[in-house]
There are 2 protein chains.
Amino acid sequence: MKSDPKPRRDLSTQIAHAIRDAIVEGRMIVDERLPSEAELADRFGVSRPTVREALKRLAAQSLIRTERGAFGGAFVNRLSYDETHGQQITTATLLLSMNAVSFATACEARYALEGACITLAAARRDDEHLATMRAEIARQSDPTLSDEGFCASDVAFHRALVDAAQNPVLSYQLAGAVEAMQPLMNMITFTARSRGAIIDLHTRIADAIGARDATIATAALEELAAYTLKLGKGVAAARARG
Amino acid sequence: MKSDPKPRRDLSTQIAHAIRDAIVEGRMIVDERLPSEAELADRFGVSRPTVREALKRLAAQSLIRTERGAFGGAFVNRLSYDETHGQQITTATLLLSMNAVSFATACEARYALEGACITLAAARRDDEHLATMRAEIARQSDPTLSDEGFCASDVAFHRALVDAAQNPVLSYQLAGAVEAMQPLMNMITFTARSRGAIIDLHTRIADAIGARDATIATAALEELAAYTLKLGKGVAAARARG
DNA sequence: TGCGCATAAATTGTCAGACATTTAAATGTA
DNA sequence: TACATTTAAATGTCTGACAATTTATGCGCA
């Protein structure tokens with residue numbers, strides 16, 4: 001049997017884990033100040049650079065923040081949705097691009113997740129969410145809009161749809177999934193005709209959400225999912241031929 | 001006007017960002033070796049410890065890995081679902097605990113997301129997934145099982161349910177959401193009676209998935225969501241009374 | 001007394017150089 | 001050829017120092 005998988009890690013990793021555990025287990029609370037680098041070095045029996053490497057690891061995960069000067073130091077950070085959002089998207093994007101996730105798989109996941117909150121969105125949407133959705137539809141209708149701009153607007157539209165569910169946990173989880181998929185969606189160069197079809201479906205979704213009709217909204221979303229998948233297959237087939 | 005919000009960051013952050021961008025934008029590909037620390041220090045015009053701090057930041061995000069010895073160094077890491085899984089859960093867990101997310105909100109998000117994949121799970125499940133679900137139900141039926149053990153088994157059951165959809169992107173997104181919620185679920189001390197009700201619903205779900213009946217499975221899941229929410233409210237009310 | 005400014009102290013940020021450790025290639029030998 | 005040894009390259013770690021930044025302290029002065 002393998003005795004212990006741990007001790008082969010370098011010191012800075014071990015120290016980072018020790019501090020991380022203290023935070024996760026609640027032994028250190030938000031905004032509490034960690035000991036100074038010199039004291040941490042003393043306590044762990046290592047040098048200051050080693051401690052610093054550990055602290056940088058934690059900072060990279062937004063678990064701590066550092067302030068300079070007297071009474072400065074490292075503080076336990078309050079994780080916010082906004083702060084973790086960027087990391088979440090970076091990770092999800094790389095995960096997709098590095099693992100050759102097929103367009104079909106990504107598409108399926110995306111629309112399944114959106115379907116999870118469209119019922120809630122229909123029930124709870126604010127006028128503001130609706131206005132955002134309609135504004136994005138208007139942008140998408142501009143024929144001079146670039147493909148990248150169209151995709152970005154598409155993401156914004158779906159983001160508004162997700163936010164309309166008024167559940168921050170859902171928004172957080174879905175934002176990563178939807179936005180990470182944008183590079184994949186960009187592979188589909190939208191023709192004028194397919195843009196029109198997508199805008200039509202977006203409009204039906206927005207209308208249904210506006211009327212608080214979850215059934216129609218869900219149906220339109222499913223149609224959009226099927227259509228997007230078909231577009232993706234078309235592009236893949238064209239590539240295979242050419 | 002604020003001239004530039006960037007340059008106030010320390011050197012190791014700047015360097016980490018520069019390298020991260022190179023990876024994200026595809027200028028460095030998976031398994032490509034970065035220059036040695038000494039050479040990076042030369043190129044960026046900083047000292048080796050500063051470069052090392054930057055590399056540790058990237059390592060904390062699993063963007064690179066380092067190997068010792070001759071021909072060792074830092075390599076662009078292929079992000080895998082497994083590797084990012086732990087980070088995802090840590091982040092999501094802290095996000096929930098540090099932002100006072102209500103049990104109701106978390107619960108709603110969790111079951112909404114699970115509902116997103118239960119239809120797929122019913123259509124695609126393997127015998128293996130079904131076996132895992134039934135095994136967890138058996139564990140849950142053991143009256144000597146601790147509350148923590150029951151919650152862990154509950155998570156494993158739902159994990160199997162999610163995996164049954166056979167979509168790695170969905171599994172990745174949902175694993176974080178479901179597992180992050182375990183500490184919140186632990187707040188509910190399950191009585192023998194509520195355990196029985198939960199096991200009954202789990203059994204109905206497993207049976208429906210086994211029969212590939214998405215409608216019944218969805219209905220049972222919704223019932224479970226409502227029941228869990230009720231339990232949570234009961235605990236909250238009991239606390240409020242004192 | 002009360003105000004303002006210089007000073008000190010604490011802490012992180014950065015640097016330079018050194019040594020230890022690990023790993024694989026190169027070399028030498030039977 | 002096969003195996004042991006040496007060597008080189010790289011990361012891991014330590015020591016000590018100095019720079020930059022921020023707050024508190026204390027002093028002088030009105």
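Values reported hereafter were calculated over all heavy atoms of this structure, with side chains retained and with hydrogens, waters and symmetry mates removed. Letters A, B, ... are given to chains in the order of the sequence lines, protein chains preceding strands, and every chain is numbered from 1.
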In whole angstroms, the gap separating C1' of C/dG13 from CD of B/Q14 amounts to 12 Å
- prompt: Taking B/D142 for the side chain and B/T144 for the main chain, is one N or O donor matched with an acceptor at less than 3.5 Å?
  reply: yes
Side-chain donor-acceptor distances from residues 86-93 of chain B under 3.5 Å, at least two apart:
{"unit_1": "B/Q87", "atom_1": "NE2", "unit_2": "B/A60", "atom_2": "O", "d": "2.5"}
{"unit_1": "B/Q88", "atom_1": "OE1", "unit_2": "B/Y172", "atom_2": "OH", "d": "3.4"}
{"unit_1": "B/T90", "atom_1": "OG1", "unit_2": "B/G86", "atom_2": "O", "d": "3.0"}
{"unit_1": "B/T91", "atom_1": "OG1", "unit_2": "B/Q87", "atom_2": "O", "d": "2.9"}
{"unit_1": "B/T93", "atom_1": "OG1", "unit_2": "B/I89", "atom_2": "O", "d": "2.6"}

Per salt bridge (Lys or Arg N to Asp or Glu O under 4.0 Å), A/R48 is matched among A/E39, A/E53, A/E37 by A/E37
Rounded to whole Å, CZ of A/R48 lies from C1' of C/dG13 at a distance of 7 Å
Donor/acceptor link under 3.5 angstrom from B/R9 side chain onto base of C/dG13
no
### Task
Could you check A/L95 against A/V101 for side-chain contact (heavy atoms from CB on, under 4.5 Å), going step by step and ending with a plain yes or no?
CA-CA 8 Å; A/L95 208 45; A/V101 169; over 6 Å; no
Walking DNA chain D from its 5' end, the first of B/A74 and A/P49 to be reached, judged by nearest nucleotide, is B/A74
Separation of C/dT11 atom C1' from A/D42 atom CG, nearest Å, is 15 Å
5'-most to 3'-most nt of DNA chain D touching chain A (<4.0 Å, heavy-atom partner on protein side) reads D/dG12 to D/dT23
Taken in chain and number order and not counting sequence neighbours, the residues that satisfy side-chain contact (heavy atoms from CB on, under 4.5 Å) with A/A156 are A/E136
Residues at least two apart in sequence or cross-chain that pass side-chain contact (heavy atoms from CB on, under 4.5 Å) with B/R159, listed by chain then number, are B/H85, B/D163, B/A175, B/E179
For A/S12, the side chain to side chain donor-acceptor pair (under 3.5 Å) test, sequence neighbours excluded, returns A/D10, A/R57
The complete set of salt bridge (Lys or Arg N to Asp or Glu O under 4.0 Å) pairs with one or both residues in residues 15-29 of chain A, sequence neighbours excluded, reads A/E25-A/R27
Exercise. Give the ring-plane orientation class for B/H202 versus B/H158, where under 30° counts as parallel, over 60° as perpendicular and anything between as tilted.
Key: perpendicular
Residue set satisfying side chain to side chain donor-acceptor pair (under 3.5 Å) with B/E128, at least two apart, ordered chain then number -> none
Per the under-4.0 Å heavy-atom filter, residues of residues 52-73 of chain A near DNA chain D come out as A/R68, A/G69, A/A70
* To do: Report yes if the side chains of A/T84 and B/L94 come closer than 4.5 Å at any heavy-atom pair, otherwise no.
  => no
Students should find that the end-to-end axis angle of the helix from C/dT1-D/dA30 to C/dA30-D/dT1, with five pairs defining each axis and rounding to 10 degrees, is 20°
Under a 4.0 Å heavy-atom cutoff, the residues of residues 29-39 of chain A touching DNA chain D are none
Sequence neighbours excluded, the answer for side-chain contact (heavy atoms from CB on, under 4.5 Å) partners of B/A131 is none
Those residues at least two apart in sequence (or on a different chain) that pass side-chain contact (heavy atoms from CB on, under 4.5 Å) with B/P168 are A/T105, B/Y81
